Amino acid sequence: MLVRKNPVLTGFHPDPSILAVGDDYYLATSTFQWFGGVELYHSRDMVNWEQLPCPLTRTSQLDMQANPNSGGIWAPCLSYSDGVFYLIYTNVKNFHGIFKDTHNYLVTTTDLYGEWSEPIYLNSSGFDPSLFHDDDGKKYLVNMRWDHRMEHHDFAGILMQEYDPKAKKLVGEIKTIYKGTEIGGTEAPHLYKKDGYYYLMVAEGGTMYNHGVRLARSKNIWGEYESDPQPLLTTRNNPEKYIQRTGHASYIEASNGQGYVAYLGARPLREKKLVAFAEGCSILGRETCIAPVKWENGWLRLENGGEVPPEEYFSTLDEVKFPPKPEKDVFDGEKLPLQYKTLRLPLDRMGTLNERKGYLRLYGMEAITSPNEQSLVARRLDAFSVEATTELEFCPKTFQEMAGLTVFYDTYNFFYLYMSHDEESGENCLRVLVRDSLKFYNPIKEYRVLIGKTEKVWLRAQVERLNLEFFYSLDGENYMPIGGRLDCSNLSDEAYGLIGHEGHTGTFIGMCCQDLTGLRNYADFRSFEYKVKK
């Protein structure tokens, strides 16, 4: 028996949609404002997972320019029918205040390693869309409905409409099939069929510490649906558990008959508590977990009993491992390694791997606080103790040209060690910039270091739980600290509870370049090394 600790996909991997096709298992997760859209993973044993190419790689499929922080891709749904993979996703263009602009699309492919189709627009009535393929050949779209009216609950229930694959559009009646329970916050619907019942799996309670998963069932796909009297899984009543905020699940049955749910959870670091409703700070974001389940008296139940999902799970399938990723990436390929993401835009809008062989060249674009055209390439923080180092070559001509290493949650919460030009001395310099949604700092004098005329530096970030330290080197061997020890608890969803916004992502570490003169001076990055400390 194979055993794996949760989370199975560490770091920012929320809203998992799990799929079984024969002896192959797939996971799709949300990417929000990070490009390419939707992460895909593949497994043969439900324990070891390899990353696949992103399905949304063209701006014709996913246009996120000017999307808000934590907008973009919410809650994809991956499904399969008659040799075709279907991917449903939401591109959230606006969600602050009482309104939400949530546009839902469908793309398809027959090859998960190949190109996906151009998108088919579906609707914009709410988010978390999911496609169900019935055994009579009909297909149905379900999504939560958003109600902006002050006298109504904003989570207004689950809508359903038939999808016509020949006409490539939704057709017929639109009906609310489920309102949810008194917990509220009903979202993330997925439909399944078993033993003559249609089962509707939903999330409830919001995606923070009251999160959970519940089933409802009906003999008729259009309802009425009766709610399971108990949640399938939640940690809302168990604040002592290591993994919190568990919810937003989907279900499969493996080839050997074992049932599993994939769900999200977060691991709050408890040495700092930002808000009363939180148990700590989840700087890695919401992660993907898996739990074995079984059918019992017509309802789905956790294999381990109760409502609290396990901190490890098992598989009785034969083990199939995949090669580990290298710690150090040198940019000598035609494409970025799969673990790297760009912010809102594809790489060809901000940089290239071909202009200087063996280097990632980023052209200076708008400020690191911009939601429009920003030049930033990064990878997830997926452990609590990490060291990341990049080798940079840059020739800044003014103080308005910057390039360096950032530890980044979004444009309101980040830390930035960058190289620029110091006009007073005529030398190049290094500075540390901190932006915190709770406090706001500009670069201060103690954080500036003059480095002469050199155009090559090595920049390093060390994250140790809720502490961050920056270092620099002029020879790649001897590193000196800069900026002091920094509190990085603001790189978490919980920080947003104090400023009236919503944060739904996780921390990234990466490389960026800005040119506020508009002349697009460039920076070359030779390598990026990412080490998880044991």
Side-chain angles (χ1 to χ4, degrees), residues 9 11-19 26-41 51-79 85-96 100-109 112 116-131 141 143-144 146 187-190 203 207 248 250 262 264 285-288 338-347 349 371 374 376 378-380 408-411 493 502-506 508:
L9 299 181
F12 165 61
H13 287 98
D15 312 325
S17 172
I18 194 167
L19 173 67
Y26 303 99
L27 277 167
T29 66
S30 298
T31 43
F32 288 79
Q33 71 264 37
W34 293 95
F35 201 96
V38 181
E39 285 315 2
L40 288 182
Y41 291 85
Q51 191 170 4
L52 301 183
C54 290
L56 307 179
T57 59
R58 307 186 298 275
T59 53
S60 59
Q61 298 169 315
L62 180 61
D63 182 359
M64 294 194 294
Q65 187 164 327
N67 279 23
N69 293 320
S70 289
I73 295 293
W74 286 17
C77 173
L78 184 66
S79 61
F85 291 93
Y86 293 78
L87 180 68
I88 306 279
Y89 62 96
T90 306
N91 184 5
V92 177
K93 306 299 291 186
N94 164 57
F95 71 102
H96 293 307
K100 283 180 169 55
D101 294 301
T102 56
H103 309 310
N104 297 317
Y105 300 92
L106 164 66
V107 291
T108 61
T109 189
L112 288 180
W116 288 73
S117 70
E118 287 300 294
I120 297 168
Y121 172 74
L122 298 172
N123 66 24
S124 300
S125 55
F127 48 89
D128 293 358
S130 175
L131 190 65
L141 183 82
N143 62 269
M144 69 79 64
W146 182 258
E187 57 184 335
H190 292 284
T207 196
H248 199 120
S250 56
L264 65 78
R286 296 168 300 159
E287 306 171 289
T288 289
L338 292 177
Q339 62 267 31
Y340 291 93
K341 312 293 289 183
T342 53
L343 191 60
R344 292 183 175 85
L345 307 173
L347 177 63
R349 294 275 295 276
Q374 194 182 143
L376 196 158
R379 57 156 298 158
R380 290 167 179 80
F408 190 91
Y409 181 91
D410 64 15
T411 60
D493 299 349
E502 294 179 72
H504 298 308
T505 57
F508 280 67

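These numbers come from a predicted model, not from an experiment.
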Student: Just by distance, no angles: are the side chains of Gln33 and Thr505 close enough, under 3.5 Å, to form a donor-acceptor pair?
Tutor: no

Student: Can you say whether the rings of Phe127 and Trp146 are parallel (under 30°), tilted (30 to 60°) or perpendicular (over 60°)?
Tutor: tilted

Student: Does Ala188 offer a backbone N or O that forms a donor-acceptor pair with the side chain of Ser130 under 3.5 Å?
Tutor: no

Student: So does Ser117 get a backbone contact from the side chain of Thr108, meaning a donor-acceptor N/O pair under 3.5 Å?
Tutor: no

Student: Is there a donor-acceptor contact under 3.5 Å from the side chain of Thr288 to the main chain of His13?
Tutor: yes

Student: Look at the rings of Trp74 and Phe32 and say which category their plane angle falls in: under 30° parallel, 30 to 60° tilted, over 60° perpendicular.
Tutor: tilted

Student: Does the Asn143 side chain pair with the main chain of Pro129, one donor and one acceptor, at a distance under 3.5 Å?
Tutor: no

Student: Is the backbone N or O of Gln374 less than 3.5 Å from a side-chain atom of Arg344, with the two atoms forming a donor-acceptor pair by type?
Tutor: no

Student: Please find the pair of heavy atoms, one from Tyr26 and one from Leu78, that lie closest to each other, and give the distance.
Tutor: CB-CD2, 3.7 Å

Student: Among Leu122, Asn104, Val107, exactly one meets side-chain contact (heavy atoms from CB on, under 4.5 Å) together with Tyr89. Which residue is that?
Tutor: Val107

Student: Given Phe508, which partner from the list Phe12, Phe408, Tyr409 fulfils the ring pair (Phe, Tyr, Trp, His ring centres under 6.0 Å) test?
Tutor: Phe12

Student: Arg286 side chain to His504 main-chain N or O, any donor-acceptor pair under 3.5 Å?
Tutor: yes

Student: Is there a donor-acceptor pair closer than 3.5 Å between any side-chain N or O of Glu287 and the backbone N or O of Gly11?
Tutor: yes

